[in-house]
Amino acid sequence: MNYNVENLPIAIIGAGPIGLSAAVNLLDAGLTPIVFESGDCAGSNIAKWGHVRMFSPWSYNMDPKAVSLLKKKGWVEPVSTEFPTGSELLERYILPLASHEKIAPHLHLNTRVNNVSRQYHDILRNNGRESTPFVIRVSDVEGERDILVQAVIDASGTYQTPNWLGAHGIPAIGELTASQSISYGVPDILGASNKQYAGKSVLVIGGGHSAFNALQDLVKLSEQTDGMHILWGIRGSSVDNIVRSPKNDELQERRSLEVHIQTLLEEGKIEVFTDIAIEKINCENGKLIVNSHSYQLPPVDQIIAATGFRPDLQLLSELRTSIDPATQSPVQLGPLIDPNLHSCGSVPEHGSAELSHPEIGLYIAGIKSYGRAPTFLLRTGYKQIKSITSALASQEYKDFAVINSSLSRNDCALNQSCLE
Ligand SMILES: Cc1cc2nc3c(=O)[nH]c(=O)nc-3n(C[C@H](O)[C@H](O)[C@H](O)COP(=O)(O)OP(=O)(O)OC[C@H]3O[C@@H](n4cnc5c(N)ncnc54)[C@H](O)[C@@H]3O)c2cc1C
């Protein structure tokens, strides 16, 4: 006797804000999610940059469907116009949502997805492919196992795969050897990582808002401790465009940060190096020496690589994805988010059509869907999820998943034991 693929759950990879939004929306549409989170709590990537104040207000940062769900349980809604830090987003929104009685039973923490494929189909095999379940290979404390699902939403983010310092997109020569003194992302300079930077010479690399955040905190730290030297290396040839958001920017915190950095530069608190293209990093007498083109920057104790992030596409390598060769986003989304043309907030509306792949039933959502483009906003991600949910709940998709589906009773029993 055969069972319908349609009866299987929909896998969500990652319990960040977008993964949780997917769980809420799928449940609301009568579908069953199964959420895998590699960290020990939901939002574990955000926990790593909890000290950073977001530049979008609460009203942008929460999924309206999740808000309705939380409100039914006496949750206190944050003031919509205020700007949370990452930690506040976690404590006041993500964790309450993850522990909500409707969501928690579907959430598997400390469970990493290692691979996704189609049952008995490698990437080459066509026969009945579309109506065959996806296999999710997960690992947790008990080891590895496979779980069958009818569709996959990959919302695993990009924070765990930062870009290299090296100018060619690959590690600079010596970058891996120097890794003890390099931090990728936005370290908690005024908090947990204080000792790493106090009294030190620190080079920040990168021209975006993460670099601004690091520079702002380093200057604050230098006002509390002696002997600090703050250096800033950028790829561009000038720092003329620090204040790049319009005066009436709807993301006011973003503009305030830009204005603040401009002031710090005018006050001479940061030494700027332009036209930086890092080729080599040497460690000499406990200092790092960065070689860019044919010259060397002054020796430093620490480097902060605020050079952005890239998606880990290895996870999906056995599936038929269609990825834009430059942005590494789904191919149809590429031109809409091209950072040469768009900034946060100017990305056009998009949904399941732009996020689809030749592998029917697979979606990459959230910040991972933007590939290497740094322009993602949560507000856009929630719209993506709304559209993906409609597509997965549609009769067209249901018909598709049911036709020729051939799950055996054994397969279903296997899945049941995995989900318990
Ligand atoms: C410093 C910083 C500031 C930002 N500020 C703003 C802002 O002001 N406004 C805004 O709208 N956006 C902002 N963003 C961008 C974006 O909204 C956030 O990155 C947001 O966390 C993206 O949500 P997500 O759910 O797509 O991914 P994430 O929050 O990164 O969640 C992905 C989850 O997947 C898990 N995971 C990863 N790999 C696996 C795996 N193989 N198996 C299982 N689980 C896995 C991770 O542990 C994580 O919990 C900011 C980003 C950064 C880095």
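In each ligand, atom 1 is the first atom listed, and ligand 1 is the first ligand listed. These figures come from a predicted structure and were not determined experimentally.
The protein heavy-atom contact nearest to atom 23 (O) of ligand 1 is P17 CG, 3.5 Å. The protein non-hydrogen atom at the shortest distance from atom 17 (O) of ligand 1 is L378 CG, 3.2 Å. With hydrogens left out, the protein atom closest to atom 27 (O) of ligand 1 is G157 CA, 3.7 Å, a heavy atom.
Counting heavy atoms closer than 4.0 Å to ligand 1, residue K368 contributes nothing at all. Residue contacts with ligand 1 for F55 involve both N, CA, C or O and side-chain atoms from C-beta outward (heavy atoms, distance under 4.0 Å). Both the backbone and the side chain of I18 come within contact range of ligand 1, each with a heavy atom under 4.0 Å. Contacts of V113 with ligand 1, taken as heavy-atom pairs under 4.0 Å, involve both backbone and side chain.
Under 3.5 Å, the side chains of E258 and H209 contain a donor-acceptor pair of N or O atoms.
Closest of all the heavy-atom pairs between H51 and P187 is NE2-O, 3.1 Å.
Each of the atoms 40 (C), 42 (N), 43 (C) of ligand 1 lies under 4.0 Å from some heavy atom of I13. Listed by atom number, the atoms of ligand 1 under 4.0 Å from Y159 heavy atoms are 53 (C). For ligand 1 and A155, the ligand atoms under 4.0 Å from any heavy atom of the residue are 32 (C), 33 (C), 34 (O). Below 4.0 Å from some heavy atom of V186 lie the following atoms of ligand 1, by number and element: 1 (C). The contact set between ligand 1 and G366, taken as ligand atoms under 4.0 Å from a residue heavy atom, comprises 26 (O). Ligand-side atoms of ligand 1 in range of L377: 9 (N), 10 (C), 11 (O), range being under 4.0 angstrom from any heavy atom.
Of the charged side-chain nitrogens involved, none lies within less than 4.0 Å of a carboxylate oxygen, so that R112 and D140 do not count as a salt-bridged pair.
Considering backbone and side-chain N/O of W49, none are found under 3.5 Å from N/O of ligand 1. Geometrically, ligand 1 and R379 share no nitrogen or oxygen pair separated by less than 3.5 Å. For ligand 1, the polar-atom distance check finds no N/O of S210 at less than 3.5 Å from any of the ligand's N/O atoms. Checked against a 3.5 angstrom limit, the closest N/O atoms of T158 and ligand 1 fall outside it. Here's the thing with I367: one of its N/O atoms is less than 3.5 angstrom from an N/O atom of ligand 1.
Screening T158, N163, T161 for a side chain to side chain donor-acceptor pair (under 3.5 Å) involving R310 leaves a single residue, N163.
The closest heavy-atom contact to atom 21 (O) of ligand 1, among the options I46, I12, N115, comes from I46.
Ring geometry for H108 against F36 counts as tilted: the plane angle lies between 30° and 60°, on a 0 to 90° scale. A perpendicular orientation is assigned to the rings of F212 and W232, their planes being inclined by more than 60° (bins at 30° and 60°). Using cut-offs of 30° and 60° on the angle between ring planes, the pair W75 and Y93 is tilted.
Summarising the geometry, atom OH belonging to Y197 is positioned 3.0 Å from atom OG belonging to S183; distances are rounded to the nearest 0.5 Å. Atom-to-atom distance recorded for T321:OG1 and L316:CG is 6.5 Å, nearest 0.5 angstrom. The distance from atom OG of S387 to atom CG of L355, rounded to the nearest 0.5 Å, is 7.0 Å.
A cation-pi arrangement, defined by a distance under 6.0 Å to the six-membered ring centre and an angle within 45 degrees of its axis, is absent between R53 and F83.
More than 12 heavy atoms of other residues, nucleotides or ligands sit less than 6.0 Å from atom NZ of K287. More than 12 heavy atoms of other residues, nucleotides or ligands lie within 6.0 Å of CD in Q224, so this atom counts as buried by the packing criterion.
Close to ligand 1: T111, with a non-hydrogen atom less than 4.0 angstrom away. The shortest separation from a heavy atom of Y60 to ligand 1 is not under 4.0 Å, leaving the residue out of contact. Heavy atoms of S44 come nearer than 4.0 angstrom to ligand 1 in at least one pair.
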